[in-house]
Amino acid sequence: MKQALLEVMRMNRICRMVLVTCLGSFVLVIFYFQIMHRNPFGMGICCRKGSRSPLQELYNPTQLDLSSNAILHQMRRDQVTDLCRANSVMSRKRRVLTPNDLKHLVVDEDHEMIYCYVPKVACTNWKRVMMVLTGRGKYSDPMEIPANVAHVSSNLKTLNQYSIPEINHRLKNYMKFLFVREPFERLVSAYRNKFTQKYNTSFHKRYGTKIVRRQRKNATQEALHNGNDVKFEEFVAYLIDPHTQKEEPFNEHWQTVFSLCHPCHIHYDLIGKYETLEEDSNYVLHLAGVGDYLKFPTFAKSTRTTDEMTAEFFQNISSEHQMQLYEVYKLDYLMFNYSMPSYLKLE
């Protein structure tokens, strides 16, 4: 009787242990799926060990349906190479890059990519995507990251923060990409955002007051103090004024892509275009090996600067100033295969 009782007690303990084990496993499974629901990348987003790098996938695609993309981007690279070669022949100056020249190049160590961000070319959304890629699970949805957080410099690592040997290694082995936009459309977008929005008081104070002081005759004291009513014609006159760039470099929002990303010194493997933003962006994400989990955020914005809107802004710009402004952005036009706008009154 005693032996039977001991046997029953032993069986009860075993049953309890099995039950606890099953419950523990069930809880772990639920916890895992909750994590996967919040972050579809799971634990694999941080690592590419054992898989092909974006650079390998770009130049030797494993999928035939992506070979047309590879051809398109080869043509874009060739266009840049040809213009750089021609520009090198015309220019006697041989410039060496400094660390300050690399502050726009965002580094993704985990996926071996370098992105040169160009303001007014979807750079807010690309910074959000880069935060997802480099966040190691901290972020899963780019659009959950506020725009102001995306622009905090400490949230992304840039190439100028590395030593010279580390910089050279990454420039050689990582896939480098940038996105470009029709230069005058980008310029009008920058003007509308920085000089026509009331909340951009810092730009009004730093640049608006300076533009009004230089370009407006008989300016009121209020305009000289606030700088919040800069006309597009005044903005253009400021840009083509030789004194402007002698005083300080252009602000990044209207600086040329040529000067921001240095495509004649840095060989970009992929050049995306604002006009094909979604397609080109998702191609980059495919090359990074995350295309199944992450898509580039797209949403219709009725306030987006269009070609038609840009043409309207240029109606009041004299043909002389149009020609001078085109010369400022000429390399961007030629290098990235944009045609001279038909609305220009070049005589």
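None of these values were measured; they are calculated from a predicted model.
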S.K.: May I ask whether M130 and V152 are part of the same hydrophobic cluster, defined by side-chain heavy atoms of I, L, V, M, F, W, Y residues being less than 4.5 angstrom apart, directly or through others?
M.R.: no

S.K.: So do the side chains of Y274 and V180 get within less than 4.5 Å of each other, counting heavy atoms only?
M.R.: no

S.K.: Check R304 with E185, please: is the shortest side-chain N to carboxylate O separation under 4.0 Å?
M.R.: yes

S.K.: Hey, what do you get for SG (C84) to NE2 (H265), rounding to the nearest 0.5 Å?
M.R.: 9.0 Å

S.K.: Hey, are the side chains of C123 and H151 touching, using non-hydrogen atoms and a 4.5 Å cut-off?
M.R.: yes

S.K.: Find out whether K231 and Q215 are in side-chain contact, i.e. whether some heavy atom of one side chain is under 4.5 Å from a heavy atom of the other.
M.R.: no

S.K.: Side chain of T306, backbone of M309: donor and acceptor closer than 3.5 Å?
M.R.: yes

S.K.: If you round to the nearest 0.5 Å, how far is CD of E234 from CG of D229?
M.R.: 7.0 Å

S.K.: Does K205 reach the main-chain N or O of N228 with its side chain, forming a donor-acceptor pair under 3.5 Å?
M.R.: no

S.K.: Establish, for the pair K127 and Y117, whether the NZ or CZ atom is under 6.0 angstrom from the six-membered ring centre and no further than 45 degrees off its axis.
M.R.: yes

S.K.: So, the side chain of N193 versus the backbone of S189: is there a donor-acceptor pair under 3.5 Å, distance only?
M.R.: no

S.K.: Could you check whether R136 pairs with D110 (Lys NZ or Arg NE/NH1/NH2 to Asp/Glu carboxylate O, under 4.0 Å)?
M.R.: yes

S.K.: Are any of the side-chain heavy atoms of C261 and V118 separated by less than 4.5 Å?
M.R.: yes

S.K.: Just do the side-chain contact (heavy atoms from CB on, under 4.5 Å) check on F232 and V188 with the steps written out, would you?
M.R.: CA-CA 8 Å; F232 185 66; V188 170; 3.9 Å; yes

S.K.: Please identify which of these residues, D332, T310, V328, L325, meets the side-chain contact (heavy atoms from CB on, under 4.5 Å) condition with L187.
M.R.: L325

S.K.: Could you give me the CA-CA distance, side-chain angles and deciding distance for K120 and R181, then say whether side-chain contact (heavy atoms from CB on, under 4.5 Å) is met?
M.R.: CA-CA 8 Å; K120 309 313 299 179; R181 183 178 185 178; 4.2 Å; yes

S.K.: What I'd like to find out is whether the side chain of M131 reaches to under 4.5 Å of the side chain of K138, using heavy atoms alone.
M.R.: no

S.K.: Starting at CG of L270, measure out to CZ of R77 and round the result to the nearest 0.5 Å.
M.R.: 7.5 Å

S.K.: Verify, without hydrogens or angle tests, whether D141 (side chain) and M143 (backbone) share a donor-acceptor contact under 3.5 angstrom.
M.R.: yes

S.K.: Assess whether side-chain contact (heavy atoms from CB on, under 4.5 Å) is satisfied between R128 and E144, documenting all intermediate values.
M.R.: CA-CA 9 Å; R128 285 168 164 149; E144 288 182 353; over 6 Å; no

S.K.: So do Y329 and L239 actually touch side chain to side chain, heavy atoms under 4.5 Å?
M.R.: yes

S.K.: Quick one: sort the F314 and F184 rings into parallel, tilted or perpendicular, breaks at 30° and 60°.
M.R.: parallel

S.K.: Counting N and O atoms only, with roles assigned by atom type, does the side chain of H104 sit under 3.5 Å from a partner on the main chain of D101, one being a donor and the other an acceptor?
M.R.: no

S.K.: Tell me whether the NZ or CZ atom of K157 lies within the 45° cone about the ring axis of Y162 and under 6.0 Å from its centre.
M.R.: yes

S.K.: Is the NZ or CZ atom of K176 both under 6.0 Å from the centre of the six-membered ring of Y268 and within 45° of that ring's axis?
M.R.: no

S.K.: Quick one: closest heavy-atom pair of G227 and V212, and the distance?
M.R.: CA-CG2, 4.5 Å

S.K.: Looking only at heavy atoms, what is the nearest atom pair of A147 and T124, with distance?
M.R.: CB-CG2, 3.9 Å

S.K.: Just by modelled atom types, is the K345 backbone N or O under 3.5 Å from a matching donor or acceptor in the Q322 side chain?
M.R.: yes

S.K.: Rounded at 0.5 Å granularity, tell me how far OH in Y333 sits from OG in S339.
M.R.: 9.5 Å

S.K.: I would like to know whether Y207 and N251 meet side chain to side chain donor-acceptor pair (under 3.5 Å); could you show each step before the answer?
M.R.: CA-CA 9 Å; Y207 296 101; N251 178 273; 3.3 Å; yes

S.K.: With rounding to the nearest 0.5 angstrom, report the CZ to OG1 distance, R214 to T209.
M.R.: 10.5 Å

S.K.: Do side-chain atoms of Y191 reach the backbone of V230 as a donor and acceptor pair under 3.5 angstrom?
M.R.: yes

S.K.: Could you go step by step and tell me if R76 and D280 meet the salt bridge (charged side-chain N to carboxylate O under 4.0 Å, His left out) rule?
M.R.: CA-CA 12 Å; R76 292 179 181 175; D280 291 346; 3.0 Å; yes

S.K.: Before you tell me yes or no, could you show the steps for W254 and F235 under side-chain contact (heavy atoms from CB on, under 4.5 Å), namely the whole-Å CA-CA distance, both residues' side-chain angles and the distance that decides it to 0.1 Å?
M.R.: CA-CA 11 Å; W254 49 84; F235 179 53; 3.8 Å; yes

S.K.: I'd like to know whether Y59 forms a side chain to side chain donor-acceptor pair (under 3.5 Å) with D269, so could you lay out the CA-CA distance, the side-chain angles of the two residues, the decisive distance to 0.1 Å, and finally the verdict.
M.R.: CA-CA 9 Å; Y59 290 105; D269 304 289; 2.6 Å; yes

S.K.: Carefully, step by step, assess S163 and E166 under the rule side chain to side chain donor-acceptor pair (under 3.5 Å).
M.R.: CA-CA 5 Å; S163 68; E166 290 172 333; 3.2 Å; yes

S.K.: Are any of the side-chain nitrogens in E247 or K210 under 4.0 Å away from the carboxylate oxygens of its partner?
M.R.: yes

S.K.: Assess whether a salt bridge exists between D78 and R85, defined as any Lys/Arg side-chain N lying under 4.0 Å from an Asp/Glu carboxylate O.
M.R.: no

S.K.: Answer with yes or no whether the side chains of H169 and N173 bring together a donor and an acceptor at under 3.5 Å.
M.R.: yes

S.K.: Counting only N and O atoms by type, is there a donor-acceptor contact under 3.5 Å from the side chain of S281 to the main-chain atoms of L277?
M.R.: yes

S.K.: For a 4.5 angstrom cut-off between non-hydrogen side-chain atoms, does L97 reach L102?
M.R.: yes

S.K.: Before giving the answer on side chain to side chain donor-acceptor pair (under 3.5 Å), spell out for H111 and D108 the whole-Å C-alpha distance, their side-chain angles and the decisive distance to 0.1 Å.
M.R.: CA-CA 6 Å; H111 303 88; D108 175 1; 2.8 Å; yes

S.K.: Between E252 and K103 (salt bridge meaning N to carboxylate O under 4.0 Å), is one present in this structure?
M.R.: no

S.K.: For L334, is there any backbone N or O sitting under 3.5 Å from a side-chain donor or acceptor partner on Q79?
M.R.: yes

S.K.: Is the shortest heavy-atom distance from the side chain of L287 to the side chain of F177 under 4.5 Å?
M.R.: no

S.K.: Verify, without hydrogens or angle tests, whether N168 (side chain) and P165 (backbone) share a donor-acceptor contact under 3.5 angstrom.
M.R.: no

S.K.: Hydrophobic clustering (ILVMFWY, side-chain heavy atoms < 4.5 Å, transitive) - are Y283 and L72 grouped together?
M.R.: no

S.K.: Looking only at side chains, do E275 and Y338 share a donor and an acceptor under 3.5 Å apart?
M.R.: yes

S.K.: To the nearest 0.5 angstrom, please state how far the NE2 atom of H204 sits from the OH atom of Y199.
M.R.: 9.0 Å

S.K.: Taking all heavy atoms of V129 and all of P297, pick out the closest pair and write down the distance.
M.R.: CG2-CD, 3.8 Å

S.K.: In terms of hydrophobic clusters joined by side-chain contacts under 4.5 Å, are I167 and L55 together?
M.R.: yes

S.K.: As a test of understanding, state which of L105, T158, L159 forms a side-chain contact (heavy atoms from CB on, under 4.5 Å) with C116.
M.R.: L105

